[in-house]
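Take a look at the structure below.
Throughout, protein chains are lettered first and strands after them, A, B, ... in sequence-line order, and every chain is numbered starting at 1. When reading the values below, keep in mind they use all heavy atoms of this one structure, side chains included, and skip hydrogens, waters and symmetry mates.
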Number of protein chains: 2
Amino acid sequence: MNSYTEENYLKALFNLANETGEVNVNELSKWLEIKMPTVTSMMKKLAEKKLVHYESYKPLRLTEKGKKEAGLVIRKHRLTEMFLVNKMNFGWEDVHDIAEQIEHIQSPVFFEKMDELLGYPKIDPHGSPIPDSNGKMIWKVYEKLSDCKVGETVKLLAVINTSSNFLKFLNSRELQLGLKIKIKSIEAFDKSMVVSYSKRQNESLSQLVTERLLVEKDK
Amino acid sequence: MNSYTEENYLKALFNLANETGEVNVNELSKWLEIKMPTVTSMMKKLAEKKLVHYESYKPLRLTEKGKKEAGLVIRKHRLTEMFLVNKMNFGWEDVHDIAEQIEHIQSPVFFEKMDELLGYPKIDPHGSPIPDSNGKMIWKVYEKLSDCKVGETVKLLAVINTSSNFLKFLNSRELQLGLKIKIKSIEAFDKSMVVSYSKRQNESLSQLVTERLLVEKDK
DNA sequence: ATATTTTGTTAGTCTAATCTAACATTATAT
DNA sequence: ATATAATGTTAGATTAGACTAACAAAATAT
């Protein structure tokens, strides 16, 4: 069994991993807002438990066991977010902090029940995949809205940033998952986009926004 | 803000308090399965925080502030049990351990939402009162079934012990809150009762059981 | 009334998870 | 190629919450 704290490190390692699965001590330290020496010592502990590959001065990498256990924490987090939104009527902007706590509840049946009541969902309210009960997660390859071209019509399928402020901003523009968005123009100097969707015509979105919106070309 | 551990001590003090609101260090120690010296030092800490009246060698007593905060933890616990039973289809025998964890979630809106979805319940699935949002709890005065007399018909309104084993036993006899129970006879030598309720005629219940069932005389 | 048992406290140790200060290694820039 | 900056580690301190051993006070029994 991993402690509350260990679960948080595992989750962070999973979420921060680059293409090769590597994370630096410094990145992890900044992400968790925990000083580097503390991170180093926790990495040694997790290495003892065969959850992390650790060698001095080398980047960190989760072991297979570590990936699985991290995946299971993320599963609990995302099932919780889905439950809060679909069964308890919370807005998607309000679920992150609660899920950060509930993800550490030790009770397999509790999360199995959530899963069942939700009808075994595959994605969470922000469009992120929910790992299966073995901790395995399949990421669909989405495109950033910021990488799309003028004239294209795309479907909004996920958001990268799940901070309350960003999601409240999306709410204020009535931007939600599933929407079809048409790109009318792109400003050359700041990469901001003018787009149309549902009843909104010619809304302007800054690059900070468009690169956090994940889309699929409309077929 | 009280820590997870502090919340558990407060709750225990509340639950163990006798008529005069007093609890001994020893009782508390046994209840929590934490050694006496640890309890003593925690009591000093809670006294610092004005949550407990503490004097060397004297019984412990929650302050008004302490009672309120303990009541709020119990509120979170009982709302959670109610939610698990009524909204997530758990049996009343399976909710205690999960509620022990969820009661420590720090998120007022989370519990407000539960309360709202449940329709502001006044009692939990075991018949215990749910404290209000100021931590105030009103205990109805029930009678123990074991104190009732032959010939009386009573209504089962609460159970004292909420251990999974006891509740599973009640399930196996189809005993549930709200039932009308008629006392047919009482064995003199072991105080066991023969009772009838719903479709069950002449069920025998040991004193260990009858003194854990809280009832009201049928009017 | 005194001895014994039970209850409660003090003093000091331990572990998990954090920190700072100082030092070591690796990466970057001139 | 070397100086500087960034990153990472070691050593030692701190805090919360637990423990044991030893002692002290209160309750109980003879």
Side-chain angles (χ1 to χ4, degrees), chain A residues 1-14 16-18 20-62 66 69-70 73 100-101 103-106, chain B residues 1-14 16-18 20-62 66 69-70 73 100-101 103-106:
Chain A
M1 198 76 323
N2 303 311
S3 71
Y4 193 108
T5 311
E6 287 166 343
E7 285 194 342
N8 278 336
Y9 278 91
L10 289 172
K11 190 176 49 138
L13 281 164
F14 198 112
L16 290 177
N18 61 19
T20 59
E22 294 181 344
V23 184
N24 298 320
V25 174
N26 193 23
E27 279 177 75
L28 185 52
S29 163
K30 281 177 181 149
W31 178 256
L32 292 171
E33 298 182 72
I34 287 173
K35 296 290 185 290
M36 281 205 290
T38 309
V39 171
T40 298
S41 74
M42 179 56 85
M43 289 308 106
K44 289 178 174 174
K45 189 177 171 195
L46 294 181
E48 279 293 313
K49 296 179 77 172
K50 305 285 181 205
L51 294 164
V52 166
H53 292 293
Y54 173 75
E55 282 177 277
S56 282
Y57 298 106
K58 296 269 173 67
L60 308 163
R61 249 175 48 246
L62 285 170
E69 304 204 1
V73 179
E100 286 283 312
Q101 298 180 65
E103 72 191 6
H104 301 292
I105 299 291
Q106 301 294 340
Chain B
M1 197 73 327
N2 303 311
S3 70
Y4 193 108
T5 311
E6 287 166 342
E7 285 194 342
N8 278 336
Y9 278 91
L10 290 171
K11 189 174 51 132
L13 281 164
F14 198 112
L16 291 177
N18 61 20
T20 58
E22 293 181 344
V23 184
N24 298 321
V25 173
N26 195 301
E27 280 176 75
L28 186 53
S29 163
K30 281 176 181 150
W31 178 258
L32 293 171
E33 297 181 72
I34 286 172
K35 296 289 184 294
M36 282 205 290
T38 310
V39 171
T40 299
S41 76
M42 180 56 85
M43 289 309 106
K44 289 179 175 174
K45 191 177 170 195
L46 294 181
E48 278 293 313
K49 296 179 79 172
K50 304 286 181 209
L51 293 164
V52 166
H53 293 293
Y54 173 75
E55 281 178 277
S56 282
Y57 299 104
K58 296 268 173 69
L60 308 163
R61 248 175 51 245
L62 286 170
E69 304 204 0
V73 178
E100 286 283 312
Q101 298 181 64
E103 71 190 7
H104 301 292
I105 298 292
Q106 300 293 342

Shortest side-chain distance from [X], nucleotide among [options]:
X: B:Ile34; options: C:dT18, D:dA18, C:dT25; value: D:dA18
X: A:Pro37; options: C:dT10, D:dT20, D:dT9; value: D:dT9
X: A:Tyr57; options: C:dT7, C:dT20, C:dT26; value: C:dT26
X: A:Lys45; options: C:dT7, C:dT26, C:dA16; value: C:dA16
X: A:Ser3; options: C:dA17, D:dT10, C:dT7; value: C:dA17
X: A:Asn26; options: C:dT18, D:dG8, C:dG8; value: D:dG8

Side-chain N or O of [X] closer than 4.0 Å to phosphate OP1/OP2 of [N]:
X: A:Tyr54; N: D:dT9; answer: yes
X: A:Thr40; N: D:dG8; answer: no
X: B:Lys44; N: C:dT10; answer: yes
X: A:Thr38; N: C:dC19; answer: yes
X: A:Tyr9; N: C:dT18; answer: yes

Could you check if a side-chain atom of [X] sits within less than 4.5 angstrom of a side-chain atom of [Y], using non-hydrogen atoms only?
X: B:Val73; Y: B:Asn2; answer: no
X: B:His104; Y: A:Ile105; answer: no
X: A:Glu22; Y: A:Glu27; answer: no

Task: Over all atoms of both residues, closest heavy-atom pair of A:Ala12 and A:Leu32 - done: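 The pair with the smallest heavy-atom distance is CB-CD2, 3.7 Å.
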TODO: Identify the two heavy atoms, one from B:Leu46 and one from B:Glu6, that lie closest to each other, and give their separation to 0.1 Å.
DONE: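 Closest approach of B:Leu46 to B:Glu6: CD2-CG, 3.9 Å.
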Open item on the list: Looking at B:Lys11 and B:Glu100, is there a salt bridge between them, counting it only when a charged N and a carboxylate O are closer than 4.0 Å?
Closed with: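 Between B:Lys11 and B:Glu100 there is a salt bridge, with a charged N closer than 4.0 Å to a carboxylate O.
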TODO: Please figure out whether A:Ser41 or B:Glu55 has its closest DNA chain C nucleotide nearer the 5' end.
DONE: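 Going by which nucleotide is closer to the 5' end, it is B:Glu55.
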- [ ] Begin with the C-alpha distance, continue with both residues' side-chain angles, and end with the deciding distance and a verdict on side-chain contact (heavy atoms from CB on, under 4.5 Å) for B:Tyr9 and B:Ile34.
- [x] CA-CA 10 Å; B:Tyr9 278 91; B:Ile34 286 172; 3.4 Å; yes
Expressed as a whole number of angstroms, how long is the span from [X]:[atom1] to [N]:[atom2]?
X: A:Leu32; N: C:dC19; atom1: CG; atom2: C1'; result: 15 Å
X: B:Lys58; N: D:dA25; atom1: NZ; atom2: P; result: 14 Å
X: B:Leu60; N: C:dG8; atom1: CG; atom2: P; result: 8 Å
X: B:Trp31; N: C:dT7; atom1: CH2; atom2: C1'; result: 20 Å
X: A:Glu22; N: D:dT7; atom1: CD; atom2: C1'; result: 15 Å
X: A:Lys49; N: C:dA16; atom1: NZ; atom2: C1'; result: 11 Å
X: A:Asn24; N: C:dT28; atom1: CG; atom2: P; result: 11 Å
X: B:Met36; N: D:dC23; atom1: CE; atom2: P; result: 16 Å

- [ ] Calculate, to the nearest 0.5 Å, the distance between atoms CG and CE belonging to B:Leu51 and B:Met42 respectively.
- [x]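 The CE atom of B:Met42 is 10.5 Å from CG of B:Leu51, to the nearest 0.5 Å.
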TODO: Select base, sugar-phosphate, or nothing to describe what B:Thr5 touches, counting heavy atoms under 4.0 Å on all strands.
DONE: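 Sugar-phosphate: the residue B:Thr5, judged by heavy atoms under 4.0 Å, touches backbone atoms but no base.
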TODO: Let me have DNA chain C in dot-bracket notation, would you? Count Watson-Crick plus G-U wobble pairs, both distances under 3.5 Å, and use [ ] for pairs crossing earlier ones and | for inter-strand partners.
DONE: ||||||||||||||||||||||||||||||
